[in-house]
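Data first, discussion second: the structure below is written as structure tokens.
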Protein chains: 2
Amino acid sequence: MAEKLTPKGMKDFLPDEMLTRERVMEKIVSVYRLYGFRPLDTPALEYVSTLKAKSGDEIAGQIFKLEGEEIGLRFDLTVPLARVAANSALPKPFKRYCVSTVWRKEEPQKGRMREFWQADADIIGSKSMRSEAELLRVANDAIVALGFRKPLFLLNNRKVMDALALKLGFGEKKDTVMRLLDKIDKIGMPKVRYDVETLIGKEGADELFAILACEGSNAEKLGACAKISPEAAKEIEEILANCDGLDVKVDFFLVRGLGYYTGPVFEIKLSEDIGSVGGGGRYDNLLSLYGQADCATGISLGIERLMYLIKEMDGQAGPGRKTYTDVFVASLKGFYAQAAGIAGEFRKAGIACESDLNERSLGKQFDYANSLGIRFVAVVGEKEAKEKKVTIRDMQSGKEEMLEIGDAIARVRAK
Amino acid sequence: MAEKLTPKGMKDFLPDEMLTRERVMEKIVSVYRLYGFRPLDTPALEYVSTLKAKSGDEIAGQIFKLEGEEIGLRFDLTVPLARVAANSALPKPFKRYCVSTVWRKEEPQKGRMREFWQADADIIGSKSMRSEAELLRVANDAIVALGFRKPLFLLNNRKVMDALALKLGFGEKKDTVMRLLDKIDKIGMPKVRYDVETLIGKEGADELFAILACEGSNAEKLGACAKISPEAAKEIEEILANCDGLDVKVDFFLVRGLGYYTGPVFEIKLSEDIGSVGGGGRYDNLLSLYGQADCATGISLGIERLMYLIKEMDGQAGPGRKTYTDVFVASLKGFYAQAAGIAGEFRKAGIACESDLNERSLGKQFDYANSLGIRFVAVVGEKEAKEKKVTIRDMQSGKEEMLEIGDAIARVRAK
């Protein structure tokens with residue numbers, strides 16, 4: 001056997017963690033569906049030419065390629081969506097969700113593996129800022145449905161930087177400037193500012209940082225923005241107008257890593273210590289690389305970071321569930337068939353239920369139920385079989401009663 | 001752009017098909033959970049040494065390997081499970097489910113792609129045939145929950161062939177004989193029989209086929225089996241004794257492709273024209289290759305074949321759903337904010353709902369709702385906004401009414 005069991009940056013998800021992951025994924029999917037997003041899935045593998053079309057150098061170097069083939073594992077869910085949408089005649093706007101795996105060959109770090117999961121919602125074929133607002137609302141609702149407080153959305157527009165680059169004359173260096181700004185959280189503002197000055201001169205940097213750092217309400221920031229790019233200001237304003245009740249903050253420092261954004265960009269903050277739990281933006285030029293051009297915008301939630309925060313939240317309320325099972329039907333020797341029948345009755349009532357598979361003693365069966373934190377144990381022995389009843393024990397209260405199966409089902413349902 | 005959009009043997013799943021796939025996957029998962037199976041997920045990528053440990057030559061040649069790494073994409077969900085279970089201290093029996101993707105680099109054929117989905121249920125750490133019976137029952141219930149009639153299970157035991165090979169003296173050629181028998185559906189009985197005769201001689205082949213082909217009830221077949229391998233017969237008998245109400249047929253010709261089976265094997269038939277929709281068996285020796293030895297048995301349902309049969313079934317009842325959306329809230333110019341508010345009310349009531357994102361005319365909004373087969377359209381204009389109502393139209397009956405939102409919700413719920 002290999003010394004390590006799983007490849008670098010990849011891990012197994014044991015049941016305890018999977019119950020959390022399934023909860024996160026299923027809740028997000030249910031909210032995406034509530035907003036009318038439709039599922040679309042694409043292969044894990046794409047032609048490398050598809051993946052590299054607009055990924056930028058950094059991501060291009062992180063693609064896992066197959067041996068002897070010009071195909072590789074997808075690094076996000078947006079590029080495959082753009083490929084599909086540019087080659088199909090779906091009714092527009094096409095609202096799509098996908099909760100699936102992506103792979104990036106980068107140095108693994110805390111909370112960032114080489115295999116990870118994203119929950120994306122995208123809208124293809126809508127120019128209107130109503131779409132951006134809807135993405136923020138659906139993400140907000142999904143996060144609240146998971147039991148969190150309302151998240152903070154940071155909102156910017158790529159057009160602000162476009163206009164500043166033009167005005168301050170650093171057009172060719174724009175991408176480098178943005179890459180530097182994206183590092184503020186990692187290396188700190190003074191170092192970033194120093195590097196930007198070195199790149200575009202002190203005068204330009206002074207003016208750039210004065211505008212980016214403007215303080216005040218969203219309205220005040222939009223006032224400053226309108227002088228640089230009226231179009232960017234108008235778009236942000238329209239988004240804000242449709243985000244009633246959401247916590248949105250305009251932040252001109254917000255960059256977002258990927259190369260394909262063209263307009264509004266956003267990021268979702270839920271906790272100081274874990275960075276963003278998601279983000280997205282408009283990518284109006286991406287589809288044209290793969291076929292029919294169309295405008296597009298999307299948002300992506302990071303499953304692992306949400307799982308991490310859920311576990312923190314759950315931690316305060318005791319350990320999470322280990323199984324979906326509500327009832328373990330224990331049987332005395334010779335009464336397995338009856339126990340299996342009782343288990344079938346619970347299942348018919350929609351109650352998740354196990355019975356003994358290993359011909360164990362009653363004590364061992366209780367140990368097993370305990371080890372999984374199963375709430376109820378129903379015992380079937382001679383007396384129960386004769387009276388067509390079960391003895392049901394609430395493992396939390398220790399209370400035990402012999403009941404007819406219908407009453408036992410009602411008892412379990414009540415908890 | 002590449003001429004083909006997706007790599008060979010891989011395809012996109014557009015929303016219509018995804019709604020079916022999600023239905024199949026979610027229903028199977030819900031039944032697996034009802035039986036107390038717990039989720040466990042492993043990386044898509046494994047060390048090649050892990051994958052090849054017991055895969056057999058045929059499968060080993062079908063592994064997609066990564067460039068410059070000794071890792072590759074998993075070809076099934078059983079091998080990764082065996083690796084995890086052999087290296088962890090989970091309470092036993094460990095009942096696990098996983099619905100996920102596997103990849104095999106084989107020549108794509110009808111209904112068999114290079115990327116496909118499996119829904120597995122496995123039981124680690126139980127020697128008892130109760131476990132096999134539970135696997136057949138959970139698979140039966142999942143298939144019935146999908147709307148199909150009860151499937152037919154074919155049941156055999158590898159120990160029958162082991163005993164025959166010993167008795168008839170073709171021990172070294174056993175695997176080759178099984179590979180030939182596995183081709184009966186493809187190349188026909190006479191050709192297989194001819195090849196087996198060539199391999200082990202006419203006399204041996206006569207005796208072999210006489211036993212394998214024995215006709216009659218399960219009891220009669222078990223009688224014949226008991227003379228060859230009393231242990232195999234006893235195991236099959238125990239499975240049958242715990243499969244009351246299921247349609248199980250003993251079939252000594254059943255082989256199953258994979259190399260790791262050691263005891264009972266089974267296959268699930270639902271339709272004459274599509275082969276099996278799943279199968280499985282006991283693999284008591286697999287875990288020892290990866291760490292701690294333990295016994296194990298499992299079943300796997302093929303998602304694509306079930307989808308194919310679901311579409312056939314749906315086809316008789318008209319086209320399937322295109323979206324989860326129940327209500328489209330159409331708005332007249334200037335009333336989008338009100339429409340978005342109404343949409344929010346529907347969603348709070350758990351009703352999937354969309355509103356117009358593209359500032360379209362009312363006619364275009366109705367066209368969109370029609371193209372997705374959305375059942376209800378709720379219109380919001382001046383009159384509705386003033387009276388705090390919506391005009392709701394049932395697109396099936398054409399009936400239209402102006403209602404308060406609570407009544408509109410009740411109307412939609414009633415359908």
Side-chain angles (χ1 to χ4, degrees), chain A residues 1-2 5-7 10-15 18-19 22 33-36 38-47 49-50 64-67 71 83-84 87-88 90-91 93 95 101 115 123 126 128 130-131 134 242 290-291 323-325 336-337 340 347 352-354 357-359 368 371-372, chain B residues 1-2 5-7 10-15 18-19 22 33-36 38-47 49-50 64-67 71 83-84 87-88 90-91 93 95 101 115 123 126 128 130-131 134 242 290-291 323-325 336-337 340 347 352-354 357-359 368 371-372:
Chain A
M1 274 306 299
L5 297 172
T6 51
M10 299 172 192
K11 58 168 265 189
D12 298 316
F13 286 77
L14 296 179
M18 274 305 284
L19 261 82
E22 293 190 334
R33 288 179 184 170
L34 267 184
Y35 274 81
R38 303 163 71 205
L40 178 140
D41 197 19
T42 60
L45 294 159
E46 293 276 349
Y47 285 110
S49 56
T50 303
F64 279 108
K65 269 190 64 182
L66 289 196
E67 190 176 270
I71 63 180
R83 174 184 58 70
V84 175
N87 290 281
S88 55
L90 294 153
K95 298 168 62 170
T101 324
E115 176 180 67
I123 301 172
S126 169
S128 167
R130 289 179 184 177
S131 294
E134 176 152 308
N242 285 300
Y290 303 108
T323 177
Y324 294 99
T325 304
Y336 175 70
R347 286 180 198 125
C353 187
E354 294 184 53
L357 294 176
N358 277 10
E359 311 179 30
Y368 172 82
S371 70
L372 293 186
Chain B
M1 275 305 297
L5 297 172
T6 50
M10 297 171 194
K11 58 168 265 189
D12 299 315
F13 285 78
L14 295 180
M18 274 304 284
L19 261 82
E22 292 189 334
R33 287 179 184 171
L34 267 185
Y35 274 80
R38 303 163 71 204
L40 178 139
D41 197 20
T42 60
L45 293 160
E46 294 275 349
Y47 286 111
S49 56
T50 303
F64 279 109
K65 271 191 64 183
L66 289 196
E67 190 176 88
I71 61 181
R83 175 185 58 69
V84 175
N87 291 281
S88 55
L90 294 153
K95 297 167 64 171
T101 325
E115 175 179 66
I123 301 173
S126 170
S128 168
R130 288 180 185 175
S131 294
E134 177 154 309
N242 284 299
Y290 303 108
T323 176
Y324 294 98
T325 304
Y336 175 70
R347 286 181 200 125
C353 187
E354 293 183 54
L357 295 175
N358 278 10
E359 311 178 30
Y368 171 84
S371 69
L372 293 186

Option that, when pairs with chain B are counted at under 4.5 Å, heavy atom only, ranks first among A/Ala337, A/Cys353, A/Ala340, A/Ser131: A/Cys353
Reported CG-to-OG1 distance for the pair A/Asn87 and B/Thr6, which is rounded to 0.5 angstrom: 10.5 Å
Euclidean distance, A/Leu14 CG relative to B/Leu40 CG, rounded to 0.5 Å: 5.5 Å
With B/Arg33 via side chain to side chain donor-acceptor pair (under 3.5 Å) - residues at least two apart: A/Glu22, A/Glu26, A/Tyr324, B/Tyr97
Under 4.5 Å from a heavy atom of chain B, the part of A/Glu359 involved: both
Per-residue contact mode, A/Lys65 against chain B (heavy atom under 4.5 angstrom): both
Top contributor to chain A contacts, counting heavy-atom pairs under 4.5 Å, from B/Ala352, B/Ser128, B/Pro15: B/Pro15
Listed partners of A/Asn242 passing side chain to side chain donor-acceptor pair (under 3.5 Å), at least two apart: none
Contact leader toward chain B among A/Ser88, A/Ala44, A/Pro91, A/Pro7, where contacts are heavy-atom pairs under 4.5 Å: A/Pro7
Where B/Leu357 and A/Ser126 come nearest, the two heavy atoms and their spacing: O-OG, 3.6 Å
Closest-packed option against chain A by number of heavy-atom pairs under 4.5 Å, given B/Leu372, B/Leu90, B/Thr101: B/Leu372
Exercise: identify the closest heavy-atom pair between A/Phe64 and B/Leu66: CD2-CD1, 3.4 Å
Heavy-atom pair count under 4.5 Å with chain A, highest-scoring of B/Pro43, B/Gly36, B/Ser371: B/Pro43
Rounded distance (nearest 0.5 Å) linking atom OG1 of B/Thr325 with atom NZ of A/Lys95: 6.5 Å
Proximity breakdown for B/Tyr35 and chain A, heavy-atom pairs closer than 4.5 Å: both
Heavy-atom pair count under 4.5 Å with chain A, highest-scoring of B/Leu45, B/Leu19, B/Ile123, B/Val84: B/Leu45
Pick from B/Arg347, B/Glu67, B/Glu134, B/Met10 with the largest number of heavy-atom pairs that fall under 4.5 Å of chain A: B/Arg347
Over all atoms of both residues, closest heavy-atom pair of A/Asp12 and B/Arg83: OD1-NH2, 2.8 Å
